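All figures in this text were calculated on a predicted structure; none of them were measured in a lab. The sequence lines fix the lettering, A, B, ..., with proteins before strands; numbering per chain opens at 1.
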Number of protein chains: 2
Amino acid sequence: MSVTIKDIAKLAGVSHTTVSRALNDSPLINQETKEKIRLLAAELNYTPNYNAKSLVLDRSYNLGLFFSTLHTGTSAGFLYEAIKGVNDVIQDRYNLIVRGIDDYTSFHKVNRKSYDGIIVMSQSATDQSFIEYAAELEIPLVVLNRQIENVQVMNMVPDDKRGAYLIVEYLITQGHRQIAIIEGKQNFKSTQARREGYQEAMEAYQVPLSVDYQQQGNYDLESGHMAMTQLLQLENRPTAVFCCNDDMALGAIKAITEKQLSVPGDISVVGFDDHIFSGFMTPALTTVRRPIEQISREGAAKLLSFIESKQVEKETIFFHTELVIRESVTNISGGIQ
Amino acid sequence: MSVTIKDIAKLAGVSHTTVSRALNDSPLINQETKEKIRLLAAELNYTPNYNAKSLVLDRSYNLGLFFSTLHTGTSAGFLYEAIKGVNDVIQDRYNLIVRGIDDYTSFHKVNRKSYDGIIVMSQSATDQSFIEYAAELEIPLVVLNRQIENVQVMNMVPDDKRGAYLIVEYLITQGHRQIAIIEGKQNFKSTQARREGYQEAMEAYQVPLSVDYQQQGNYDLESGHMAMTQLLQLENRPTAVFCCNDDMALGAIKAITEKQLSVPGDISVVGFDDHIFSGFMTPALTTVRRPIEQISREGAAKLLSFIESKQVEKETIFFHTELVIRESVTNISGGIQ
DNA sequence: CATATAGCTGCACACGTTAACAACGAGCAA
DNA sequence: TTGCTCGTTGTTAACGTGTGCAGCTATATG
């Protein structure tokens, strides 16, 4: 069917070995024959069979980009930035295979022969077994976004806790003391980190915590809406709400305006992530920027270097989160800026 | 290094052929030996080398999901829904390789040996050469989202034109006659289809078209903001704006509120796509639902059936777009509902 | 002149798997 | 007994590529 190096060899009157070497630019081959063969290959529209190459070279040319899940809890923006970042780096040197870890019933198909390297975009501790599996098989590995415990890997994560601290601190400096939190999905590590940032900021400024002000969400729009509806029924309504991501903030704002209240006039709302649309909402959302695309890009670059040098490093690198001040918070401190 | 069928054969005291047959559940093999070998394979943690399998079976187990671009013009929601839809269908029978077509300088690496099938999520005519290439190589192929001309393929597309017609018709029935359009990215086919739907509705109801009301955008937030800013400077401001996607609608609303005007009080705004966040904006956006996830799912299913039956169909299937009425349009017809 | 050397090419095998075909023993019929 | 069939297993080649080693020729070296 398709043309192989043997076909080229026959036509060029040489052995297939010579063709192989010519196409791989081996220094052993005479310059003239090399060019002749390459010309011929181009004419015949030859494309190497990567399955055969993979077999003998023991390289698959595949990189895996694994998400905790592709069903719920992974926002579109997150997926987008991650794929974009990785894709930019690997160019067309590798195939990028995208999967949700929870789609696997067994990890059988994930192994050294099938993947030259793996990027785990981890959002939840449910990945732990997968990460341990990959680490044990000694597949070059980079784990992004979630900080990993108990297993030594290359780990690149945004400093969620600090970001949460910064934005809650900001609310406090704007005079707020009744600050509620709408939390993310239960077993996501990010949920915990952001909650801790919230708590630490509150404690640092000696603002009392209240259980009434602590609402559970799951990172999606509806859950933000529901949680905010709960908060609005409190006798002692909060003056500001820290939503653990922008999607929930959007849902919360919806709930507030439905009650004929205004943001930030009556209640201030802040988010986390800095989604693409957050600057365009009304009011524009004050939030925390989390550099997912940058992390993806640098993670992919690290992985490539591991594969090429056949050496891996194992450390945890934090990436700065950054306060993005827009319009969804009002100053209620009475004149003091 | 890793365990092969030959290793198993040696331990079981049989030939590697027998092992291969046992693991592939061949009827030729005695039930007892079959079970013995399988047990042994499980104990040894055997995983087949898919590169070798691929070579001899001439199947790569790879499916390609190709987007026009991953850089600009592809919204996060679109990417998300497409990947989710396809992923759900293929389970772990195939690897899903995600790429932007514009990342390729040459299509060399895309061929029958490397891909069992290809899904093109086409947004722009710039894909045309890629689609023709894939069709010529006779790789099982499904082209989604954009209607293709000049080349016979399986083509599944949302009925954009009808969707645009419906929403503009809706604006007209709500009493609007000064209706502007903010168009999408220049060479995207969807841009053209939506513009046509707009024009046909206007003509059907004998509403005059004005060049002033025709603005160029490129499907992103900023372009919607800019285009709307232009429209607001017109002496004879439109009373309603049809934005060719929800992102631009969001940008447009931003521009309107910045001028201290309200939506829909002063100007009605509608979008297209029904993004996840559109129902949660303030005001909730009236828009057109485009069933991308459904198309992806059915497209993937079709592709799998092509691969398995080794027979391809070639037709164009339209998927219903659907008007989603929310709160961003006001009735100005003076009492007549 | 013989011999070493550099430059280039081919032979033969390997990678791990599947599959066509041959082969073997048991059971059965003639 | 012979011959045939059935059920099971092994032999061998094939898929398309890369590579260690041997071998060839022409040139340089002593």
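The two residues Asp58(A) and Lys113(A) have their closest heavy-atom pair at OD1-NZ, 3.1 Å. Taking every heavy atom of both residues into account, Leu141(B) and Ile131(B) meet most closely at CD2-O, 4.0 Å.
Looking only at atom types and distance, the side chain of Asp116(B) has a donor-acceptor partner in the side chain of Ser60(B) under 3.5 Å away. Looking only at atom types and distance, the side chain of Asn51(B) has no donor-acceptor partner in the side chain of Asn51(A) under 3.5 Å away.
Annotation: of the two residues near DNA chain D, Val3(A) and Gly13(B), the 5′-most nearest-nucleotide partner is Gly13(B). Comparing His16(A) and Thr17(B) by the nucleotide of DNA chain C whose heavy atom lies nearest to each, the residue mapping closer to the 5' end is His16(A).
In summary, Asp160(A) and Arg146(A) do not engage in a salt bridge, as defined by a charged side-chain N under 4.0 Å from a carboxylate O.
The stretch residues 18-54 of chain A participates, sequence neighbours left out, in these ring pair (Phe, Tyr, Trp, His ring centres under 6.0 Å) pairs: Tyr50(A)-Tyr61(A). Pairs engaging residues 116-147 of chain A under the ring pair (Phe, Tyr, Trp, His ring centres under 6.0 Å) rule: Phe66(A)-Phe130(A), Phe107(A)-Phe130(A), Phe107(A)-Tyr133(A) [sequence neighbours left out].
Scored by the salt bridge (charged side-chain N to carboxylate O under 4.0 Å, His left out) test, Asp88(A) finds Arg297(A) as partners (sequence neighbours excluded). In this view, Arg290(B) and Asp273(B) satisfy the salt bridge (charged side-chain N to carboxylate O under 4.0 Å, His left out) rule, not counting sequence neighbours. With sequence neighbours left out, the ring-ring contact (aromatic ring centres under 6.0 Å, His included) criterion links Phe78(B) to no other residue. Lys302(B) is linked by a salt bridge (charged side-chain N to carboxylate O under 4.0 Å, His left out) to Glu313(B), counting only residues two or more places apart in sequence or in another chain. With sequence neighbours left out, Glu298(B) forms a salt bridge (charged side-chain N to carboxylate O under 4.0 Å, His left out) with no residue at all.
Note on Thr4(A): only backbone sugar-phosphate atoms sit closer than 4.0 angstrom, heavy atoms only; bases stay farther off.
The outermost nucleotides of DNA chain C lying under 4.0 Å from heavy atoms of chain A, listed 5' to 3', are dC8(C) to dG16(C). Along DNA chain D, read 5' to 3', the first and last nucleotides having any atom under 4.0 Å from a heavy atom of chain B are dT8(D) to dG16(D).
A cation-pi arrangement is found for Arg99(B) relative to Tyr104(B), the charged atom lying closer than 6.0 Å to the ring centre and inside a 45° cone about the ring normal.
A 6.0 Å sphere centred on CD of Glu136(B) holds no more than 12 heavy atoms belonging to other residues, nucleotides or ligands. Counting non-hydrogen atoms of other residues, nucleotides and ligands closer than 6.0 Å to CD of Glu315(B) gives a total above 12.
Relative to the axis of its first five pairs, the axis of the last five pairs of the helix from dC1(C)-dG30(D) to dA30(C)-dT1(D) sits at 70°, rounded to 10 degrees.
Annotation: proximity of residues 18-36 of chain A to DNA chain D (heavy atom, distance under 4.0 Å) is found for Ser20(A), Arg21(A), Asn24(A), numbered in ascending order. DNA chain C is contacted by Leu55(A), Val56(A) of residues 41-62 of chain A, taking any non-hydrogen atom closer than 4.0 Å.
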